Each structure stands twice: as structure tokens, then as C-alpha cells.
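For the single chain, residues carry numbers from 1 onward in sequence order. Because the structure is predicted, anything quoted here is derived from the model rather than measured.
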Amino acid sequence: MNDGSRLPGVGGEGEEEERIVLHVDADCFYAACERLREPELEGEPLVVGMGYEEGETIGAVATASYEAREHGVESAQAISTALERLSRRDETDADAGEGADAGEGSEDEISGYYRPVDMEHYEEVAGEVREILHDCADVVREVSVDEAYLDVTDRTGWEVAEGFARHVKERVRRDVGVTVSVGAAPSMSAAKIASDYDKPDGLTVIPPGAVEEFLAPLEVDLLHGVGPVTARELRERGIETAGDIARADPDSLVSAFGERGRELYDRARGEDDRPVEPRGRPKSLSRESAFAEAVVEAAPKRERIRTLAAAVADRASRKDALYRTIGVKAVTPPYDVHTRETSLPGPVDDPPLVERTALSLFSEFEDDPVRKVGVRVANLEFAGGDQTSLEGFAGEDPTEIETGDGGQPPAADDASGADSTARRRRREGQTSFGDFD
């Protein structure tokens, strides 16, 4: 009987299904996040890093867009080298016409855009991606701000794994606006290699039984976990490809590399039974939804907030999670993110309260054009604690707790006297964010 968690026709009760692991890796993630705020940077050479401002001498490239990489700029490169290969475009006169493309150097010199690292913004966007990944898989292992492993064995089957992976890609593209490359394989190491295989915007599937054959022609430094030093040592021994490792004497590999040698041997043969394991319990739960275009009318926005509030509260209940904080998010064009939240007297599981509080917090954005909304609960406690009774707080309405003048809830970035800083950053085009993830 199909319980709804697996697609019809892709395996049944009692069948032993090969694991289906997805590795999702965002393409030039920092650059993609900058383009969300500045759509005009799409298709332009873009470098995200530190040390490029006048008077600075030390810094490095954090991310280079694919257009910048065409000019020899790479991640982790000294910023001075990057500037030699791709000069910084002069943006002081945006109306100077086509001649402005030449940048600060000669008229024929190729130039690009440079932006500072803004981890708050990147974490904000990453949170939106994570929410989709957790919605698509029961088990997610977040590796970094821009990549994660998903075990989707209980969600789909190998016959339709490619379609499922494509669905994940398209959801991220549609709802967040960044592209990800996805690899599908029976193991974590093979899925990681698959996601790198056809970047950017790639989708590569390695079905069961085909892993060793797929890996065989790959150069050793393309294997997961093989760095430059190990790759050089392997080549010094005449081992150039994963196939060479798979055909090598495992004892000689262990002798040369210790237990790492046995791991290399197993991985090259497609043997990797490590489970996808989450890293700790979530600190918050949220749901978000984007409109096809920015919406000004209050009614559809309020209705979407109600829907999201119900979904978040239900998810918290299913995870036996109590929450002390309720928050909302509003994204206004082009990509200015505003968060508001309020703290409760104690941990609760109260869906009506989530809806009521979310609507109250969102009220200041009802007349603004909004392209995306979100609802969040945070400061989670899991089964085992006592739930606070809100009735014991002198009849206080939780939607009014920690509010400012006139009953309006404070901004997440208004806390600790940061209001003037937040407003200054907004004027300068740097959005201030809460920890809405």
C-alpha cells in the first residue's frame, strides 16, 4: 500500500531498494546571491572578495562568477592577482555610456564588478535553499552554506530519480532564484562527484551498478577527498585515474597512505556505505513562498501568511518541537529582506498563536510591494520539557510581548540599539537581516 511518501510504481513493500543520495551544490553561490540584489550583474564578470578597495593590500577572492573565471580569476586567489587579470570596473558614472565598460584601465582592458563578502545575506539565501531541501527529503546533511546531501530513498525510486532531482533543481531556481547542480548516486562520495561533473546548472545521475564504470576514466584529483598533495603522490606512483586506483593492490595503497589508502581503493570501486546523517537538531523551522510578481494588495499576502503559519506550526508539532520565538519575513524588490520577530514567555506548541502573531508582525508590510513572505518559529525545545502556559502571564497577549510604541513589534535588527545602523545600511544598499533560516 502506498503511504504517500513514495511515488507510485517505484518499488513496494519488502523490496530492498538501493539508496538514492543527492548532492546539491550551488553554482558560484556568493556571486548568485549578489545578483539577486543587483539583477543587472547577471552575465557580467563578478568577483566577490576582500582587499580590492583603494588603500587595501591584502585580500583574497571568495567566489568568481563563471564570466570572471574566463579571465583567469579563481576562488582563493590573491585579490591582487585577480585585479591584474580582471580590472575593477569604474562604477562612479553609471550613465557614462558604453565607454564605461572599459573600466579603470585602457579602453581595450577587460573589467569586471567587485563586491565585498556579505555572509549575512548569503546565510539568508542559504536558509531559503535549505528549507526546500528539507521539504524534499527526510534526511538532510548540511555540509556548508552552499551544499548538502539528501537521502531520498524513501521519497522516490531509481526509475524516476532523474526527474526527482530535476524537481529539486527547479524548486530552488523558481523559489529562491539561484541555480544548483545536483548529482544522484547510491553513495555520498559518488553523488558529490556527480554534482561536480557537469557544472554549472548540472544534473548527473549515476545508477546502481554503474558507479565504478563512471569513475574509472576520471583523473584522481576529481575523486572526493583527494587534494593536490595526494593527487601528486598518486601520480608519482603511476596512478592517474580512479580506474588505476581500483586496479591497484590495496595493500600497497595502505602502505603508502595508511587507512586513507583503503578508503581511496573502496571509493574508486564505488564502495561507500556511509549513511547520510544530519548534523544536530534544527535551531528553527520556517516556510516561505514567493509570488509570481511583487504583490501590493494586503489580502493575498495575509492569506499566504496564514497558510505558511499553519504549515510551520504543523511541522513543529510533527517534530515534537516547542518554540519560544515567532517571526515573519518580507522580501521587497529587488531583494531587500526584512525580518520581524517576537519572543514568548516560554516554549509553546500553539498553531493559532503562530497565525495570530505572524499576521500582527506582518502588518507593517501590508501596503508594501512584496515578492516573497515567510513564517518562522525558533528557539526550539524538543519533547521532554514542560510547556509554558501563557494564561499565567496576567492575561498578556503574546502578540504584544516585546513590542515597541503603539503595539508595533520591533524589527529583528532594532534590538540592542541597532536601529540607526540598520537604517544606514539600508540607505547604502546593504540589507540588514535577522537570523531567519
Derivation of the side chain to side chain contact (heavy atoms under 4.5 Å, CB included) call for Leu46 and Glu44: CA-CA 6 Å; Leu46 174 61; Glu44 298 283 354; 5.7 Å; no

Looking at side-chain heavy atoms only, is the closest gap between [X] and [Y] below 4.5 Å?
X: Asp135; Y: Arg287; value: yes
X: Leu361; Y: Thr342; value: yes
X: Pro39; Y: Tyr335; value: no
X: Leu344; Y: Leu353; value: yes
X: Arg19; Y: Asp151; value: yes
X: Met50; Y: Val117; value: yes
X: Ile132; Y: Glu288; value: no
X: Ile206; Y: Tyr197; value: no

What residue pairs, at least two apart or across chains, pass ring-ring contact (aromatic ring centres under 6.0 Å, His included) with a residue in residues 172-191?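 Residue pairs with at least one partner in residues 172-191: there are none.
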
Which residues pass the side-chain contact (heavy atoms from CB on, under 4.5 Å) test with Pro275, not counting sequence neighbours? Glu277

Should the pair Glu147-Arg141 be classified as a salt bridge under the 4.0 Å nitrogen-to-oxygen rule? no

Should Thr332 and Asp368 be marked as a side-chain hydrogen bond (donor to acceptor under 3.5 Å, both in side chains) after you check the CA-CA gap, both sets of side-chain angles, and the distance that decides it? CA-CA 8 Å; Thr332 57; Asp368 297 334; over 6 Å; no

Does any pair with a residue in residues 200-211 pass side-chain hydrogen bond (donor to acceptor under 3.5 Å, both in side chains), and if so which ones, sequence neighbours excluded? Lys169-Asp201, Arg173-Asp201

Give a yes-or-no answer on whether the side chains of Glu162 and His167 include a donor-acceptor pair shorter than 3.5 Å. no

Is a donor from one side chain sitting under 3.5 angstrom from an acceptor on the other, for Ser195 and Asp25? no

Residues two or more places apart in sequence or in another chain: which of them pass ring pair (Phe, Tyr, Trp, His ring centres under 6.0 Å) with [X]?
X: Phe29; value: none
X: Phe291; value: none
X: Tyr30; value: Tyr122

Is it the case that atom CZ in Arg166 sees more than 12 heavy atoms from other parts of the structure closer than 6.0 Å? no

Just wondering, more than 12 heavy atoms not from Glu213 lying within 6.0 Å of its CD? no

Please lay out, stage by stage, how Asp118 and Arg37 fare under the test salt bridge (charged side-chain N to carboxylate O under 4.0 Å, His left out). CA-CA 12 Å; Asp118 184 352; Arg37 292 193 291 198; 2.9 Å; yes

Please give me the minimum heavy-atom distance between [X] and [Y], naming the atom from each residue.
X: Val211; Y: Ala190; answer: CG1-CB, 3.9 Å
X: Lys199; Y: Ser181; answer: CG-OG, 3.3 Å
X: His71; Y: Leu86; answer: CD2-CD1, 3.9 Å
X: Lys301; Y: Phe362; answer: CB-CE2, 3.7 Å
X: Val47; Y: Val73; answer: CG2-CG1, 4.0 Å
X: Lys192; Y: Tyr149; answer: CB-OH, 3.6 Å

Output, in order, the C-alpha distance, side-chain angles, deciding distance and verdict of side chain to side chain contact (heavy atoms under 4.5 Å, CB included) for Arg274 and Ser187. CA-CA 7 Å; Arg274 293 175 300 157; Ser187 67; over 6 Å; no

Please answer whether the main-chain N or O of [Y] pairs with a side-chain N or O of [X] as donor and acceptor at a distance below 3.5 Å.
X: His23; Y: Val182; result: no
X: Thr153; Y: Ile20; result: yes
X: Thr230; Y: Val226; result: no
X: Thr339; Y: Val328; result: no
X: Thr156; Y: Val152; result: no

For Asp314, side chain to side chain donor-acceptor pair (under 3.5 Å) partners two or more places apart: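 Asp314 satisfies side chain to side chain donor-acceptor pair (under 3.5 Å) with Arg318 only.
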
With sequence neighbours left out, what residues match Asp198 under side chain to side chain donor-acceptor pair (under 3.5 Å)?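 For Asp198, no residue satisfies side chain to side chain donor-acceptor pair (under 3.5 Å) once neighbours in sequence are set aside.
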
Spacing of CZ belonging to Arg89 relative to OH belonging to Tyr113, to within rounding of 0.5 Å: 4.5 Å

Evaluate salt bridge (charged side-chain N to carboxylate O under 4.0 Å, His left out) for Glu128 paired with Lys329, printing each intermediate quantity in order. CA-CA 11 Å; Glu128 299 180 23; Lys329 176 164 74 173; 3.1 Å; yes

May I have the step-by-step check of side chain to side chain contact (heavy atoms under 4.5 Å, CB included) for Val354 and Tyr323, ending in yes or no? CA-CA 10 Å; Val354 175; Tyr323 34 88; 3.3 Å; yes

Assess the residue pair Arg35 and Glu40 against the criterion (salt bridge (charged side-chain N to carboxylate O under 4.0 Å, His left out)); give the C-alpha distance rounded to whole Å, side-chain angles, the decisive distance to 0.1 Å, and a yes or no. CA-CA 7 Å; Arg35 285 169 170 168; Glu40 62 272 19; over 6 Å; no

Let me see the working for Val61 and Thr63 under side chain to side chain contact (heavy atoms under 4.5 Å, CB included), right down to the final yes or no. CA-CA 6 Å; Val61 175; Thr63 295; 5.7 Å; no

Dump the intermediate steps for side-chain hydrogen bond (donor to acceptor under 3.5 Å, both in side chains) on Arg376 and Ser286, then the final yes or no. CA-CA 4 Å; Arg376 167 181 178 267; Ser286 63; over 6 Å; no

Matching residue for Leu133 among Val24, Val180, Leu22 - test: side-chain contact (heavy atoms from CB on, under 4.5 Å):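 Of the listed options, the one satisfying the test is Val24.
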
Results of salt bridge (Lys or Arg N to Asp or Glu O under 4.0 Å) for [X] - residues two or more places apart only:
X: Asp146; answer: none
X: Arg267; answer: Glu263, Asp272
X: Arg269; answer: Glu271
X: Glu297; answer: none

Given Glu355 and Arg302, is the salt bridge (charged side-chain N to carboxylate O under 4.0 Å, His left out) satisfied, shown in steps? CA-CA 10 Å; Glu355 177 181 319; Arg302 289 179 61 84; over 6 Å; no

